[in-house]
Amino acid sequence: QVQLVESGGGLVQAGGSLRLSCAASGRTFSNYGMGWFRQAPRKERDFVAAISSSGLITAYADSVKGRFTISRDNAKNTAYMQMNSLKPEDTAVYYCAAALTVSQLRRNEYESWGQGTQVTVSS
């Protein structure tokens, strides 16, 4: 089981950018697909993006396509999400998660998750 820690959240103005990082422990990081999810106050946790263990396959929620980019560096045991053109509706706690496949992540099925990092986008 992989341990995950998110960082990189903060307060930005609409139209701004943030880069989130997800640091993973263990020696099997490269075996896992990685995903990002977000949860706004009083709302469910929603899928945002996922990347396969190889980095060759990515998936995005329609609401972030063209604005967010997920990536990973297996040598650093870290996954990233570059968030551009941020909107107030992107405000949420962002969580990273690990699963064997992108399809599992798309179904909100994951083996491990982090504690989250707050992203707040002001008007």
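Sequential numbering from 1 along the given sequence is applied to the chain's residues.
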### Query
Does Phe29 have Arg72 sitting over its ring (NZ/CZ under 6.0 Å from centre, angle to axis within 45°)?
yes
### Query
Tell me the disulfide bond (SG atoms under 2.5 Å apart) pairs involving residues 13-123, sequence neighbours left out?
Cys22-Cys96
### Query
Side chain of Glu6, backbone of Ser21: donor and acceptor closer than 3.5 Å?
no
#### Entry: Between OG on residue Ser30 and CG on residue Asn74, distance to nearest 0.5 Å
5.5 Å
### Message
Looking at Glu89, I'd like to know if its CD atom is crowded, meaning that more than 12 non-hydrogen atoms belonging to other residues, nucleotides or ligands lie closer than 6.0 Å.
### Response
yes
### Message
Hydrophobic clusters here meaning ILVMFWY residues chained together by side-chain heavy-atom distances under 4.5 Å, can you tell me if Val12 and Leu20 are in one?
### Response
yes
### Query
Quick one: ring pair (Phe, Tyr, Trp, His ring centres under 6.0 Å) partners of Phe37, sequence neighbours excluded?
Phe47, Tyr110
### Task
Quick one: which residue pairs count as a side-chain hydrogen bond (donor to acceptor under 3.5 Å, both in side chains) with a foot in residues 56-71, not counting sequence neighbours?
Arg38-Ser63, Asp62-Lys65, Arg67-Asp90
### Task
Look up atom CG in Leu18 and atom CG in Leu11, then write down how far apart they are to the nearest 0.5 Å.
9.0 Å
### Message
Against Met34, only a single residue in Leu4, Val2, Val102 fulfils side chain to side chain contact (heavy atoms under 4.5 Å, CB included); can you say which?
### Response
Leu4
### Query
OH of Tyr94 to CD of Gln39: how many Å apart, nearest 0.5 Å?
12.0 Å
### Task
Please check if any side-chain donor atom of Ser53 sits under 3.5 Å from a side-chain acceptor atom of Asn31, or the reverse.
no
### Task
Give a yes or no on whether Gln3 atom CD has more than 12 heavy-atom contacts from other residues, nucleotides or ligands under 6.0 Å away.
no
## Note on the structure
CD (Glu109) and CG (Leu100) are apart, to the nearest 0.5 Å, by 11.0 Å
### Summary
Rounded to the nearest 0.5 Å, the CD1 atom of Ile70 sits from the CD1 atom of Ile57 at a distance of 12.5 Å
### Summary
The reported gap from CG in Leu56 to CD1 in Ile51 (rounded to nearest 0.5 angstrom) is 8.5 Å
